[in-house]
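Read the structure below first, then the notes.
Protein chains get the first letters and strands the later ones, always in sequence-line order, with residue 1 at the start of each. Heavy-atom basis, side chains included; hydrogens, waters and symmetry copies ignored.
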Amino acid sequence: MRGRDARVGILFAMPWIMGFLIFMAYPLVASLVTSFTNFSILRPPSFIGIDNYKELFHDQVFYKSLGNTLLYVLGAVPLTTVAAIALALLLNTKVKGMSFYRTMFFLPTLVPMVALGTLFLWVFNGDYGLLKAGFAKVHMSSPNWLGDPAWSKWTLILISMWGCGQAMVIYLAGLQDVPVSLYEAAELDGAKAWAKTKNVTLPMISPVILFNVVMGIIGALQIFAVPYIMFPNGAPARSAYFYAMYLYDNAFQYQRMGYASAMGWVLFLITLTLTLIALKLSNKHVHYESN
Amino acid sequence: MIGASVMGDKAVSRQGGAGRTTVIYWEKWTGDEATEMRKVVDAFNKSQDKIYVRYLSISGVDTKTMLATAGGNPPDIAGIWLDQLCEFSDAKALTDLSPMAKAAGLGPDTYIKGYWDPLNYRGGLWALPSTPASIALHVRTDLVPKEYGSPETFPKTIEALDEMAMKISKKRENGDLEMAGFLPSNPGWWNFAWGIYFGASLFDGDKLTLDSPENVRAFKWVDKYAKTFGSKEVQSFQSGFGTFASPQDPFMQGKVATELNGVWKASYIHVYKPDTQWFAVPFPYPADRKDLAGHSELSQDVLTIPRGAKHPQEAFEFIKFVQRQDVMEGLCKGHGKNSPLEKVSEEFFKTHRNKFIRLFDSLARSPKAFSPPQIGILPQLQNEMNVAFQEVNTQQKSPDQALHDAQNRVSDLWTTYKDQVLNK
Amino acid sequence: MKPVSQSHKRNRQMQTMITHIALVTLSVLFVVPLAWMISTSLKPITETLSNPPRWIPSHVLWSNYPDAVKYGSKELGYIPFLVYARNTIIITVLSVGGAVLSNSIVAYSFARLKWPGRDLFFGITLATMMVPFPVVMVPTFALFKYLGWIGTFKPLWVPAFFASAFSIFLLRQFYRTIPMELSEAAKIDGCSELRIFTDVIVPLSRPALMVVALFTFMGSWNDFLGPMIYLVDQNTFTLSLGLQAYQSQHGGTPFNLLMAASCLVILPVVIVFFLAQKVFIQGIATSGLK
């Protein structure tokens with residue numbers, strides 16, 4: 001019986017195991033090997049031991065881009081998590097026109113990056129921007145969101161809010177799985193709305209929250225497209241230069257694929273560490289029905 | 001999905017016709033610039049029946065060419081930027097064109113020296129030009145004092161330019177800039193090269209000289225502008241600039257009275273604000289360095305044959321066709337640029353959209369004209385210098401400090417590069 | 001009792017009011033990017049980059065839409081937009097089908113079946129998402145080249161049939177919220193694992209499966225990097241790659257046409273989303289059964 005169970009389990013997982021072996025195993029191993037070589041894509045790699053990693057530890061731009069990225073993760077992940085849950089809760093109420101609202105909130109994730117980039121360049125413009133005009137209305141001076149090195153990262157963190165539609169959809173789907181009976185029981189106990197949310201809803205969707213937080217960390221650590229469009233080369237003065245941008249530049253602008261691979265694997269370790277911390281912290285709070 | 005790829009092959013053979021060799025040409029251009037090049041391709045395809053060139057507009061042409069070359073399936077011709085030439089050549093990604101060029105009679109005499117020299121690197125010829133450019137100071141006739149309102153009477157020295165710029169700049173009551181006589185950070189495309197206008201070099205063939213006295217002098221000059229106008233004010237003012245390809249371009253709008261820009265500027269003025277009154281002059285020189293008169297940075301888009309291309313001979317036939325005087329002049333005129341060829345027809349000057357085309361042509365021929373340094377880490381060098389510029393311009397670092405840091409970092413990269421790439 | 005229920009009712013109305021106000025304010029904020037896109041798509045070119053920017057075009061140019069669709073057809077001899085649309089639909093349909101099929105099964109194994117090495121392999125699955133793509137891009141390209149797939153659609157849809165880490169993780173989290181007793185009861189009734197999967201788990205996971213379908217659809221529809229790397233011939237290009245054609249390397253981008261084309265490209269996604277989110281509401285109805 002045991003052996004049969006195991007066989008069924010592996011059989012069900014087979015597509016992924018095959019896919020992993022065919023499409024992922026080789027590229028992953030190859031990139032790890034590459035990180036110990038001097039490789040320009042165009043010339044055959046030559047083995048240089050841990051030179052790339054040693055160079056990384058002395059590389060000022062590596063630290064700069066890593067610092068920028070970690071700050072972004074710390075800012076954007078909590079912000080979008082709270083925003084997405086709040087929105088999902090709001091959108092899960094039985095109010096007329098909900099289909100419409102849900103679509104509205106999801107829309108920004110559909111707008112192509114180019115359009116999003118040009119729009120936000122205008123919204124945050126330090127001279128004629130929408131935000132500056134808003135500040136002026138209440139007689140406050142607004143910072144130069146894009147041009148001031150002290151502000152550019154915060155601008156991006158703020159912008160990350162518009163992308164919370166994706167997580168929101170996942171929460172919405174998660175909320176559908178919360179049994180109505182639990183709410184009824186809580187109501188009988190005289191629980192108020194907030195207590196219901198705290199004691200019923202959040203524990204019930206905690207596996208989904210964990211999913212979104214982990215994916216949020218992974219995604220935020222690899223942030224690339226929006227700053228790439230809005231802050232070319234991380235200007236001003238590399239204040240918006242992120243890890244993935246530096247990695248990309250090394251790989252394809254500077255033709256240092258070996259170095260870029262080393263960067264990739266260092267990022268892997270950082271991501272892994274942060275994810276494990278998130279998993280550890282969540283252990284007590286994530287509630288699985290099936291266990 | 002199979003249908004589509006089969007259809008693709010069919011399309012090739014249909015257009016190619018029997019017995020013709022198909023040459024694949026990847027180019028970065030889209031829109032009008034692509035249309036001009038397509039005309040050349042069509043003319044070539046019609047001019048003979050052995051070779052058929054297929055033009056493809058490719059986004060991310062450099063990355064894609066690199067991947068395809070590494071994968072052993074590159075295009076026959078790739079249109080890339082001159083700035084990447086040494087890097088690509090060091091990576092052995094390109095075919096040496098010298099034997100074919102020699103056989104075709106294309107050599108140093110064919111081209112303007114400033115355009116020919118950078119194509120040659122470490123004993124090989126790695127590209128031939130498609131369209132080139134030179135740059136000059138563009139001046140709004142109506143925004144500068146009358147006595148400076150012509151190319152002949154405009155200030156010749158940087159000091160005189162500064163004095164005029166400070167005098168005519170306007171500030172609002174709250175301190176915001178309304179109009180700047182000149183801004184070193186606009187349009188920002190050659191920030192890394194300001195030192196050269198003060199007699200600096202960035203690289204002497206072996207050592208980097210980013211923090212040389214001349215470079216520091218240039219960055220102190222940048223610093224002076226940031227301090228005079230106020231660095232926060234400049235940044236906020238500049239963030240109000242529209243893109244150069246729109247009527248909101250700061251020069252066309254009159255937010256700046258003067259601006260360093262390329263030969264193509266005239267085409268954009270022509271399209272977006274044809275009534276702009278302007279003229280162009282060579283960028284001024286420091287009063288104590290009269291020998292530097294006639295400085296201009298040269299740039300070019302180039303045609304290369306990637307290593308491992310299937311039809312290098314046929315590809316070169318097309319490149320050769322582009323170098324024909326009439327073809328080249330037509331293409332450059334279409335792109336609003338000057339010609340890289342030593343011989344230029346009077347017709348070209350007369351019919352060119354840019355009324356200052358002769359100036360740009362003479363700047364290209366000036367002995368003081370310069371191209372970016374020939375070094376395989378040019379992209380990094382430019383990035384580091386741009387960062388140093390921004391650090392000075394936003395008053396985060398002193399000119400000495402910023403350049404010192406840039407020098408150290410690029411030197412380290414250069415040492416690694418020599419070790420890992422050149423000495424292999 | 002009566003006064004209590006009345007105050008209760010008033011409370012409810014208040015709540016609904018507040019919810020509506022919050023929803024309207026927030027959705028205005030969220031709809032700004034799209035509104036901007038639509039407004040730009042209807043402007044004459046000269047107004048696209050004006051500053052300060054204007055929301056309402058001086059005159060509405062509907063012709064931008066047909067112009068955008070026909071853009072580039074003169075040079076190519078066919079209407080590229082329609083060809084790109086066909087290619088995108090082929091790739092997307094195959095990907096969505098493959099992803100829903102493979103991920104639902106694989107995630108089931110990770111969430112509810114026990115086999116040696118399962119948790120380790122799940123860890124590896126998560127880890128694959130932590131390696132940034134540029135680093136594996138070159139060997140992946142080499143792999144597809146080895147398989148002879150460069151220039152075909154295969155690199156863009158075949159992997160979907162072999163599940164993906166993101167979707168496996170997502171579905172696993174959902175499957176694990178379903179009480180184990182349901183499976184056990186079915187097992188006692190003599191159901192095979194396959195039956196339990198198709199008859200018990202799938203019906204209860206419709207919202208989650210919808211999310212996977214939706215995200216795969218979006219990912220595939222909007223994918224830019226994949227088509228850029230693997231497709232060579234213009235008539236195999238996809239819509240997102242085609243949008244690049246409107247952008248000029250040296251400025252002069254026809255932003256109005258670019259936005260018109262973008263609006264047309266995302267329209268199907270908006271419709272699909274609008275229809276898909278109805279499934280969430282149906283989900284509410286079924287969850288009462290649990």
### Message
The test is side-chain contact (heavy atoms from CB on, under 4.5 Å); show your working for A:Leu28 and C:Val135 and say whether it passes.
### Response
CA-CA 8 Å; A:Leu28 285 171; C:Val135 166; over 6 Å; no
Under 4.5 Å from any heavy atom of chain A - which part of [X]:
X        : result
C:Ala107 : neither
C:Phe274 : both
C:Val24  : both
C:Thr40  : neither
C:Arg118 : neither
C:Leu194 : both
C:Phe215 : side chain
C:Leu26  : both

### Message
Has C:Gln173 got a side-chain atom pairing as donor or acceptor with A:Val208's backbone, closer than 3.5 angstrom?
### Response
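Not at all, since once roles are kept as given, no pair shorter than 3.5 Å links the two residues.
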Measure the shortest side-chain to side-chain distance between [X] and [Y] over non-hydrogen atoms and say whether it is less than 4.5 angstrom.
X        : Y        : answer
A:Phe224 : C:Phe133 : no
A:Cys164 : C:Phe30  : yes
A:Phe106 : C:Met218 : yes
A:Pro15  : C:Phe161 : no
A:Phe252 : C:Met137 : yes
C:Pro132 : A:Leu247 : yes
C:Val136 : A:Met24  : no
C:Phe169 : A:Met215 : yes

### Task
Rounded to the nearest 0.5 Å, what's the gap from CD1 on A:Ile217 to CE on C:Met129? Could you check?
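Here the rounded value is 11.5 Å.
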### Task
Can you measure from CD1 (C:Ile105) to CG (A:Leu11) and round to the nearest 0.5 angstrom?
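Output value for this atom pair is 9.0 Å.
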Return the minimal non-hydrogen interatomic distance between [X] and [Y], and the atom names on each side.
X        : Y        : value
C:Trp115 : A:Ala13  : CZ2-CB, 3.7 Å
A:Gly9   : C:Leu113 : CA-CD1, 3.7 Å
C:Pro139 : A:Ser31  : CG-N, 4.5 Å

Name the member of [options] that forms the most heavy-atom pairs with chain A at distances under 4.5 Å.
options                                : answer
C:Val269, C:Thr16, C:Leu147            : C:Val269
C:Val131, C:Leu29, C:Thr19             : C:Val131
C:Phe144, C:Phe166, C:Trp221           : C:Phe166
C:Phe110, C:Phe197, C:Phe141, C:Phe121 : C:Phe121

Among the listed options [options], the residue most often paired with chain C at heavy-atom distances under 4.5 Å:
options                                : result
A:Gln166, A:Met161, A:Met18            : A:Gln166
A:Met104, A:Met263, A:Met257, A:Gln222 : A:Gln222
A:Ser206, A:Gly219, A:Gly264           : A:Gly264
A:Leu267, A:Ile10, A:Thr109            : A:Ile10
A:Ile218, A:Ile170, A:Leu272           : A:Ile170
A:Tyr243, A:Tyr101, A:Phe20, A:Tyr26   : A:Tyr101

Interchain contact, [X] with chain C, by part (heavy-atom threshold 4.5 Å):
X        : answer
A:Val214 : side chain
A:Thr275 : side chain
A:Ile17  : both

### Task
Begin with the C-alpha distance, continue with both residues' side-chain angles, and end with the deciding distance and a verdict on side-chain contact (heavy atoms from CB on, under 4.5 Å) for A:Trp16 and C:Asn103.
CA-CA 8 Å; A:Trp16 170 241; C:Asn103 286 302; over 6 Å; no
### Task
Quick one: sort the A:Phe23 and C:Phe162 rings into parallel, tilted or perpendicular, breaks at 30° and 60°.
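A:Phe23 and C:Phe162: perpendicular rings.
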### Query
Does the pair A:Met98 and C:Leu23 meet the rule for a side-chain contact (heavy atoms from CB on, under 4.5 Å), with working shown?
CA-CA 9 Å; A:Met98 204 42 91; C:Leu23 284 171; 3.9 Å; yes
